[in-house]
Amino acid sequence: MGKAEPPILASPACHSTFDTVAVEHTNRGALTPTFIAHWINGQLTPSQSGRISPVFNPATGEQTGAVGLASQSEVDAAIVSAVDAGRDWRRTALSKRAAVLFAFRELLNQRASELAEIVTAEHGKVTADALGEIARGLENVEYATGVPNLVKGGFSEQVSTDVDVYSIRQPLGVVAGITPFNFPVMVPLWMCANAVATGNAFVLKPSEKDPSASLFLAQLWKDAGLPDGVFTVLQGDREAVNRLLTHPDIAAVSFVGSTPIARYIYETGTANGKRVQALGGAKNHMLVLPDADVDMAADAAVSAAYGAAGERCMAISVVVAVGDIGDQLVEAIATRLPKLRIGDGSDPDTDMGPLITAEHRDKVAGYIAAGVESGATVVVDGRAADVPADGFFLGTTLLDHVGTEMSVYTDEIFGPVLCVLRAETYDDAMAIINSNRYANGVAIFTRDGGAARRFQFDVEVGMVGINVPIPVPVAYYSFGGWKASLFGDQHMYGPEGINFYTRGKVVTSRWPDPAESTIDLGFPRSR
Ligand code: NAD
């Protein structure tokens, strides 16, 4: 890989209706304009469905591409190649599968900056943040390189006279991943690294809002030696998703996205006999006890609330200040906000980029208006911020004295809006947090180890940070919330990811002397 690599993204052929899409610009130079294709059987395959969705650079507001949306028959055709490829792939030796994972890891590492550029161009997050999501995704690939060890079974000798028992884990077949816009690299890697390593064929349906990173990943898999058809990308919307949820050859579905869709995916997928893990939305609280270091808590709140413009499922969107720390904390957060530089994520001086679409920006602004109307105190109003005129920008908002009945509190906003709630005691704060319908991540800031230990025990949330605002587990643990943040039993990646993509089989074996054979109608028991 010493030589300069050609751009991976461009599709070789244009969609027949593409010329009608007014796309003149892109900041991806040679890739102008882009029709974003599927990746089927190891090749870019432009959709013939006649349905497309525009793709924007959120920092400029310009349309940079169009993605073809799969029809039902395109989904069916892709699954045929995935079934074929999966049949051979599960027979491939574990050591050879691990070698592909190692090669993929190397390529991803080498080409991270190109991939980050694509993420920034379509998502809007700053390049350092895009590199961060790639690094966290890479951890999952590294974990999956250990697949020979991860799928080891158990063996018990002589469970009965001359009888041995052993357990093995086998792949499911073809599994699908349906992913959100906010992590176009990391979330697909949460899924595909373990799914492929364990011997499945994987079909990715990325978000139609930033679909190009998926094709870059597909090319890297191919370059790493993954056989054609084992990794497929189907671009699409609800139509593609519905076909994946009902297709008889899809054995399991991993989903990450908003709660209403997660619930729908879980109910529809399981009703069609599939194994489903569906991760939904979030409203993550940060509990700040009176003994916390105010500056440290304020730094953490600002970083976790406004990073990626709040478009993270693990973003802190609520601070619950206990006792008399509230006033100091709000002031400390407010003084930090004017220093954040808002602009194009590809500018290395930018701290916070735009939101994903104009529509989403307007929705977030609507929540701020509703918060003001319902009586929250506006400390900083992002709608009044001095932000670039083009693009889907919104400044940072800080609302104080927010009530639990207000929509800014009850709903996931998914934007740069931080709500502060006041609580008199730890118990009051815990009652607020444990009553929330979401339960993805949570954090406590304190210097009291006993209080932190109690919090970790009491809190009804799936991922807990102690003086850590964004407690995304490392790849050898598993990721997942509780309540409306997760539908299904298995969390994503790590040991639960390996379990999700495999099924257990137990073999009982005996090699008797035929001369000793008898008929025995009794139920088998140990002898
Ligand atoms: P989304 O639910 O709108 O879309 C997610 C995926 O579902 C996309 O691939 C989309 O094409 C598909 N989809 C959308 N509407 C559909 C429908 N009606 N039928 C079938 N499929 C449909 O989510 P998003 O806006 O892309 O992402 C943001 C959401 O994802 C937030 O709610 C965020 O909290 C959540 N999220 C959760 C986690 C987590 O780990 N819990 C991680 C990242 C993002």
Side-chain angles (χ1 to χ4, degrees), residues 36 51 53 55 58 67 69-70 72 75 122-125 133 136-137 140 176-191 203-211 213-214 233-246 253-269 276-284 307-317 355-357 359-361 363-364 411-415 437-442 461-463 470-473 478-488 490-494 496-497:
I36 299 152
R51 294 191 312 122
S53 184
V55 176
V67 60
L69 304 173
Q72 183 171 320
V75 176
E122 287 187 355
H123 176 284
K125 64 176 73 176
E133 87 158 90
R136 293 306 302 266
N140 288 272
I178 300 161
T179 54
F181 80 82
N182 67 321
F183 285 110
V185 174
M186 184 180 75
V187 171
L189 291 176
W190 282 359
M191 303 171 181
V203 178
L204 173 64
K205 205 303 284 172
S207 169
E208 60 275 42
K209 294 185 183 124
D210 47 9
S214 63
V233 178
L234 275 170
Q235 309 289 2
D237 60 359
R238 192 187 167 127
E239 185 169 333
V241 170
N242 282 339
R243 186 57 187 147
L244 290 170
L245 292 174
T246 52
V253 176
S254 298
F255 172 87
V256 175
S258 60
T259 286
I261 310 299
R263 181 181 283 116
Y264 170 76
I265 299 283
Y266 183 76
E267 288 172 357
T268 313
V276 181
Q277 52 179 184
L279 277 60
K283 197 80 181 175
N284 305 312
E311 290 175 329
R312 289 181 183 145
C313 64
M314 291 292 275
I316 291 291
S317 47
L355 292 168
I356 185 71
T357 58
E359 191 189 26
H360 185 55
R361 177 201 50 205
K363 188 173 166 198
V364 175
D411 296 3
E412 180 184 44
I413 298 177
F414 222 54
R437 72 190 186 106
Y438 295 108
N440 211 39
V442 72
V461 174
M463 292 171 283
I470 308 182
V472 175
S478 298
F479 181 108
W482 290 7
K483 300 185 191 168
S485 296
L486 175 86
F487 301 88
Q490 299 274 1
H491 289 197
M492 206 154 282
Y493 70 72
E496 294 189 45

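Both ligands and their constituent atoms are indexed starting at 1 by order of listing. Side-chain atoms are counted along with the backbone in the values below, which use heavy atoms only and exclude waters and symmetry mates.
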Legend entry - Among I178, N242, L279, side chain to side chain contact (heavy atoms under 4.5 Å, CB included) partner for I265: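 So, applying the side chain to side chain contact (heavy atoms under 4.5 Å, CB included) to I265 and each of I178, N242, L279, only I178 qualifies.
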[options]: member with heavy atom nearest to [atom]:
atom                    : options                : result
atom 35 (C) of ligand 1 : G257, G177, C313       : G257
atom 32 (O) of ligand 1 : E412, K209, M186       : E412
atom 26 (O) of ligand 1 : F181, Y264, Y438, F414 : F181

Write out the residue and atom name of the closest protein heavy atom to [atom], then the distance separating them to 0.1 Å.
atom                    : result
atom 22 (C) of ligand 1 : I261 CG2, 3.7 Å
atom 9 (O) of ligand 1  : T179 O, 2.7 Å
atom 2 (O) of ligand 1  : S258 OG, 2.6 Å
atom 21 (N) of ligand 1 : V241 CG2, 3.5 Å
atom 41 (N) of ligand 1 : G280 O, 2.7 Å
atom 19 (N) of ligand 1 : R238 CG, 3.3 Å
atom 7 (O) of ligand 1  : F255 CE1, 3.3 Å
atom 27 (O) of ligand 1 : P180 CB, 3.3 Å

List every atom of ligand 1 that sits less than 4.0 Å from any heavy atom of [X], numbering the atoms from 1 in the order shown and giving each element.
X    : value
I178 : 6 (C), 7 (O), 9 (O)
F479 : 39 (C), 40 (O)
V256 : 5 (C), 36 (N), 37 (C), 38 (C), 39 (C), 40 (O), 42 (C), 43 (C), 44 (C)
E208 : 10 (C), 11 (O)

Inset, instruction - Under 4.0 Å, heavy atoms only, figure out whether ligand 1 is touched by the backbone of M314, its side chain, both or neither. - result: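 It is neither part, as no heavy atom is under 4.0 Å.
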Legend entry - Within reach of ligand 1, part of N440 (heavy-atom separation under 4.0 Å): side chain
Do you know which two heavy atoms are closest between [X] and [Y], and how far apart they sit?
X    : Y    : value
N284 : G441 : OD1-N, 2.8 Å
A282 : N440 : CB-CB, 3.6 Å
H123 : P58  : O-CG, 3.4 Å

Is there a nitrogen or oxygen of [X] sitting under 3.5 Å from a nitrogen or oxygen of ligand 1?
X    : answer
D237 : no
W190 : no
K205 : yes

Using 0.5 Å steps for rounding, measure from the [atom1] atom of [X] to the [atom2] atom of [Y].
X    : Y    : atom1 : atom2 : value
C313 : F479 : SG    : CZ    : 4.0 Å
T259 : D411 : OG1   : CG    : 11.0 Å
R263 : F255 : CZ    : CZ    : 12.0 Å
Q235 : E208 : CD    : CD    : 9.5 Å

Inset, instruction - State plainly whether the residues E122 and K125 are in salt-bridge range, i.e. N to O under 4.0 Å. - result: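 Salt bridge: no.
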Legend entry - D237 and K205 ion-paired at < 4.0 Å: no
Legend entry - S485 side chain vs G281 backbone, donor-acceptor pair below 3.5 Å: yes
Inset, instruction - Take atom NZ of K483 as the centre, draw a 6.0 Å sphere, and report whether it contains more than 12 heavy atoms from other residues, nucleotides or ligands. - result: yes
Inset, instruction - Report yes or no: is the cationic atom of R238 (NZ for Lys, CZ for Arg) under 6.0 Å from the centre of the six-membered ring of Y264, at an angle within 45° of the ring normal? - result: yes
Inset, instruction - Measure from atom 4 (O) of ligand 1 to the protein's non-hydrogen atoms and state whether any distance is below 4.0 Å. - result: no
Legend entry - Sub-4.0 Å heavy-atom approach of N182 to ligand 1: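 The answer is yes: ligand 1 sits under 4.0 Å from a heavy atom of N182.
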